[in-house]
Amino acid sequence: MVDVSQIKEHADVVGSDGAHVGTVDHVENGEIKLTKSDRDAGGLHHFIPVDFVQAVEGGTVRLDRPAEEVRREWSTS
């Protein structure tokens with residue numbers, strides 16, 4: 001399991017395929033809240049489970065699944 005305290009505000013979030021998923025707003029209740037101002041957010045906050053995180057490296061949050069799969073599974077509430 002990844003140390004959640006390593007996930008920092010404004011970190012890039014990428015899928016296992018290296019594709020951009022979003023930008024971290026903050027972590028709350030076991031989920032990463034992505035900024036609504038990100039180019040891929042469509043003006044909405046999206047939430048992804050911390051369980052999707054494979055690693056945090058150099059200001060980038062790397063997920064354990066491809067970006068497209070993450071987008072199918074994220075929530076807006």
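- Here the CG atom belonging to Leu63 is positioned 8.0 Å from the CZ atom belonging to Phe52, to the nearest 0.5 angstrom.
- Checked against side chain to side chain donor-acceptor pair (under 3.5 Å), Ser5 has the following partners two or more places apart in sequence or in another chain: Asp3.
- In terms of hydrophobic clustering, with Ile, Leu, Val, Met, Phe, Trp and Tyr side chains grouped at heavy-atom distances under 4.5 Å, Val4 and Val13 are assigned to a common cluster.
- By the rule that hydrophobic residues join a cluster once side-chain heavy atoms approach within less than 4.5 Å of another member, Leu34 and Phe47 end up as members of separate clusters.
- Across every non-hydrogen atom of Val21 and Asp40, the tightest pair is O-CB, 4.2 Å.
- Considering only heavy atoms from C-beta on, Gln54 stays 4.5 Å or farther from Arg65 through its side chain.
- Partners of Glu9 under the side chain to side chain contact (heavy atoms under 4.5 Å, CB included) rule, at least two apart in sequence or in another chain, do not exist in this structure.
- Here the straight-line distance linking atom NE2 of His26 with atom NE2 of His10 works out to 11.5 Å at 0.5 Å rounding.
- Of all heavy-atom pairs spanning Val56 and Ile7, the tightest one is CG2-CG1, 3.8 Å.
- In terms of the side chain to side chain contact (heavy atoms under 4.5 Å, CB included) criterion, residue partners of Val14 (sequence neighbours excluded) are, by chain and number, Thr60, Arg62.
- Listed by chain and number, the residues in a side chain to side chain donor-acceptor pair (under 3.5 Å) with Arg71 amount to none (sequence neighbours excluded).
- Heavy-atom contacts from other residues, nucleotides or ligands closer than 6.0 Å to NZ of Lys36 number 12 or fewer.
- Atom NE2 of His45 sits about 13.0 Å away from atom CD of Glu31, to the nearest 0.5 Å.
- Under the rule for a side chain to side chain contact (heavy atoms under 4.5 Å, CB included), the partners of Ala41 that lie at least two apart in sequence or sit in another chain are Asp38, His46.
- Residues passing the side chain to side chain contact (heavy atoms under 4.5 Å, CB included) test with Ala19 are Asp17, Ala67, sequence neighbours excluded.
- In the hydrophobic clustering of ILVMFWY residues, with side-chain heavy atoms under 4.5 Å counting as a link, Val27 and Trp74 come out together.
- Summarising the geometry, atom OG belonging to Ser75 is positioned 11.0 Å from atom CG belonging to Leu44; distances are rounded to the nearest 0.5 Å.
- Under the 4.5 Å side-chain criterion, counting only non-hydrogen atoms from C-beta, Val53 is in contact with Ile32.
- Distance CG/Asp12 to OG1/Thr23: 5.5 Å, rounded to 0.5 Å.
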